[in-house]
Amino acid sequence: MRGGRHADHEDGLAGLTPGTIFMEETTELLAVRRQKLEALRAAGVAPFGARFEITSSPGDIPAAFVEGVRVRTAGRITAHRNMGKSHFLDLSDSTGKVQIYLQAKEVGPEAAAIFEHLDIGDWIGVEGDTFTTKAGEPSVRASSFTVLSKSLRPLPDKWHGVQDTEIKYRQRYLDLISNPASREIFRKRIAIVAGIRRFLDDRGFIEVETPMMQRIPGGAAAQPFQTHHNALGTDLFLRIAPELYLKRLLVGGFTKIFELNRNFRNEGISRRHNPEFTMLEAYWAFADFEQMASLVEEMVCHLAMTVCGGHVIEHFGEDGAVTKKIDLSPPWRRARYSDLIRSVKADWYELGPEARREWCAANGLDISHCAEDFEVTQHVFEKLVEEKTMDPLFVTHCPKELVPLAKQNPDDPSVVDVYELIINGQEISPGYSELNDPDIQRARLEHQSGGETQKLDGEFLQALEYGMPPAGGIGIGIDRLVMMLAGAESIRDVIFFPHMRAR
RNA sequence: GGGUUGGUAGCUCAAUGGUAGAGCAGCGCCCUUUUAAGGCGUUGGUUGUGGGUUCGAGUCCCACCCAACCCA
């Protein structure tokens, strides 16, 4: 055993005895762990250790098991099966777990006495030889162990894990420790984000970073969060989209770029909305929305193959039954917006505005919030097309009122050259042939800002006047993409720390 | 913002208006290949907060807080 009191001084704050601070609760369980903490110190063991060299993480040992090899590993004790003079421990971290076999005669009487002061939840380092138990479990026979961190609070139920949604979200670490299904979702999220970067990098796109704090928040129609710069004495906004800065970089000559990071929208919170969310935006000069659609299709299929092992994604309910099946096999269906509306109501475009509203009312659609006629049509689209579409669908030729910043279609000026990708009943990604005529852009933005010039990003418009190459652009909501690929029904299940009300 | 459901031991869950319980975890004892280890014993509670009704409230009523789901 290593360590000693001298190594432990940083634990105490000046004038306070270690172990007496931060004790707002005084339950017996906490008191017992505090006593063990002091017992470790009394035995000359630093309960909060330092550097420990490892040869393998816990999950790596069974994953690539070799019998009879000396290893050093470290992890949290997540289970303890006491057989008297020998003990079986599960040692875990995000890589997985490995079983440790610990015998008093092997580690010696001093270490065995120290072991008595350990608990489920503590971090330890172990050195020993690999072997296989009678039951066939790849294990490490400990010849020594080192206390790395004493846990002063008990872990959640070892079998059920954390079930309380509040604890899952507010104390995600407990969810990660005790729920393998949750760990798997985040493993997929991490692989998806890394996979997107690699995919785009392989195709010559470069990752850039643009301001998150903006004087004029643009690039989308959404309420921003407001903040203030003290030294400058000016208000700033958290970005609602990076678009207007990425387009400045197109002007600057970067022809294949993307940004994969957070945006902020000061709007409702729901199963599908978190105030901060992760979005990919990519711009490809000299391309159009059709090529962007193909790029997204190829990328998502690639992610499904590498992260989920196939093109068919299944979502499971609590009872283990399949609740959803999403088939991502290419080629993905592409359909015009107007044709999709006609598939719901064949003579929709022959009806007048009043007749359309009457039809909605007769079919149980609440359109009281729709002021304009195109909003009524869009509501029909959302309820009767979008929400029912599980497999990928590129919706093309959308009405220009819905996407005021896209290029009009040369053959039909009432629609724009965009796609909206729908998977799993929600909009996952829009793609554009980006508008690069500075005069049309100015007119659209002026119209959109409703004459409030302080909302107009003049510097962006000026940049366009220097000439922006024609380009295809996409946005992908990463949280929703992960929900779809990882089988999560709430955005809170794919964000480590979703926003929660103060308690 | 509206509606529904929920909040009980560290965790997972019980409890007709009538003495707040179980499993796991913890503590004590036994056990040198277990894996939800096992056996025997045992501790642990301001029932989300604040009011009210009642002889008596975890349970009924009101307000508030937090969460999940649905709607806007």
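Each chain gets a letter, A, B and so on, in the order its sequence line appears, and its residues count up from 1. Worth saying up front: this structure is predicted, and the values here are computed from it rather than measured.
Checking A:His499 against A:Asp366, the closest nucleotide of RNA chain B that is more toward the 5' end is the one next to A:His499. Along RNA chain B, the nucleotide closest to A:Arg141 and the one closest to A:Arg503 are compared, and the more 5′ of them pairs with A:Arg141.
With rounding to the nearest 0.5 Å, the separation of CD in A:Glu401 from CG in A:Asp373 is 9.0 Å. Between A:Arg141 atom CZ and A:Gln103 atom CD the span is 6.0 Å, to the nearest 0.5 Å. The OH atom of A:Tyr432 sits 6.5 Å away from the CD atom of A:Glu243 when rounded to the nearest 0.5 Å.
The partner of B:rU35, taking Watson-Crick or G-U wobble pairs whose two distances both stay under 3.5 Å, does not exist in any strand shown. Nucleotide B:rG1 has B:rC71 as its partner under the Watson-Crick or G-U criteria, with both atom distances under 3.5 Å. Base-pair partner of B:rG56: not found among the strands shown (Watson-Crick or G-U wobble, both distances under 3.5 Å). Pair assignment for B:rU47: none, as no Watson-Crick or G-U wobble contacts are both less than 3.5 Å. Across the strands present, B:rG10 finds its partner in B:rC24; the criterion is a Watson-Crick or G-U wobble pair with both atom distances under 3.5 angstrom. Using N1 to N3 plus N6-O4 or O6-N4 for Watson-Crick, or N1-O2 and O6-N3 for G-U wobble, each under 3.5 Å, B:rG17 pairs with nothing.
A:Arg271 has no side-chain polar atom (N or O) that falls below the 4.0 Å cut-off from OP1 or OP2 of B:rA68. Within the structure, a side-chain polar atom (N or O) of A:Lys158 is placed less than 4.0 Å from OP1 or OP2 of B:rA25. Listed pair A:Arg81 / B:rU34 fails the phosphate criterion, with no side-chain N or O lying under 4.0 Å from OP1 or OP2. One finds no side-chain N or O of A:Arg34 lying less than 4.0 angstrom from the OP1 or OP2 phosphate oxygen of B:rG26.
Across all strands, A:Tyr101 comes closer than 4.0 Å to base atoms (heavy-atom distances). At a threshold of 4.0 angstrom between heavy atoms, the contacts of A:Lys36 are confined to the sugar-phosphate backbone, with no base atom among them. Among the heavy atoms of the strands lying under 4.0 Å from A:Thr133 is at least one base atom, whether or not backbone atoms are also near. Looking at heavy-atom distances under 4.0 Å, A:Ala502 makes contact with sugar-phosphate atoms alone, never a base. Residue A:Arg492 is in sugar-phosphate contact alone, with no base atom involved, counting any heavy-atom pair closer than 4.0 Å across all strands shown. Among the atoms of the strands shown, base atoms are found under 4.0 Å from some heavy atom of A:Asn82. Contact annotation for A:Ser490: backbone-only contact, meaning every heavy-atom pair under 4.0 Å involves sugar-phosphate atoms and none involves a base. Residue contacts shown for A:Gly161 are limited to sugar-phosphate atoms, with no base heavy atom under 4.0 Å away. Within 4.0 Å of A:Gln163, counting heavy atoms only, lie sugar-phosphate atoms of the nucleic acid but no base atom.
The separation of B:rU8 from B:rG3, taken at their C1' atoms, amounts to 26 Å, rounded to a whole angstrom. Rounded to whole Å, the separation between the C1' atoms of B:rG10 and B:rC27 comes to 14 Å. B:rU54 and B:rC61: their P atoms are spaced 16 Å apart (whole Å). Atom name P, nucleotides B:rA68 and B:rG26: the rounded distance is 31 Å, in whole Å.
Which of B:rU34, B:rG44, B:rA25 sits closest to the side chain of A:Leu29 comes down to B:rA25.
Put simply, the side chain of A:Ile167 does not reach to within 4.5 Å of the side chain of A:Asp175, judged on heavy atoms.
Separating the CD atom of A:Glu166 from the P atom of B:rU5 is a distance of 18 Å, rounded to the nearest angstrom. The separation between A:Ile77 atom CD1 and B:rU34 atom P is 20 Å, rounded to whole Å. One atom, CG of A:Leu155, and another, P of B:rU12, lie 12 Å apart when rounded to the nearest Å. Rounded to a whole Å, the CG atom of A:Asp164 is 13 Å from the P atom of B:rG10. Atom CD in A:Glu137 sits about 14 Å away from atom C1' in B:rA36, given to the nearest Å. In this structure, A:Ile120 atom CD1 and B:rU35 atom P are separated by 15 Å, rounded to whole Å. One can place CZ of A:Arg272 at 13 Å from C1' of B:rC71, the figure rounded to the nearest angstrom. Atom OH in A:Tyr173 sits about 14 Å away from atom C1' in B:rC11, given to the nearest Å.
Side-chain polar atoms of A:Thr55 and A:Arg70 form no donor-acceptor pair below 3.5 angstrom. Judged by distance alone, the side chains of A:Thr78 and A:Ser92 do bring a donor and an acceptor atom under 3.5 Å apart.
Taking the six-membered ring for Trp, A:Tyr101 and A:Phe88 have ring centres closer than 6.0 Å.
For B:rU34, its base sits under 3.5 Å from the side chain of A:Gln99 at one donor and acceptor pair at least. A donor N or O paired with an acceptor N or O is not found under 3.5 Å between the base of B:rG10 and the side-chain atoms of A:Asp157.
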Can you check salt bridge (charged side-chain N to carboxylate O under 4.0 Å, His left out) on A:Asp479 and A:Arg189, steps first, answer last?
CA-CA 8 Å; A:Asp479 308 290; A:Arg189 181 184 180 117; 2.9 Å; yes
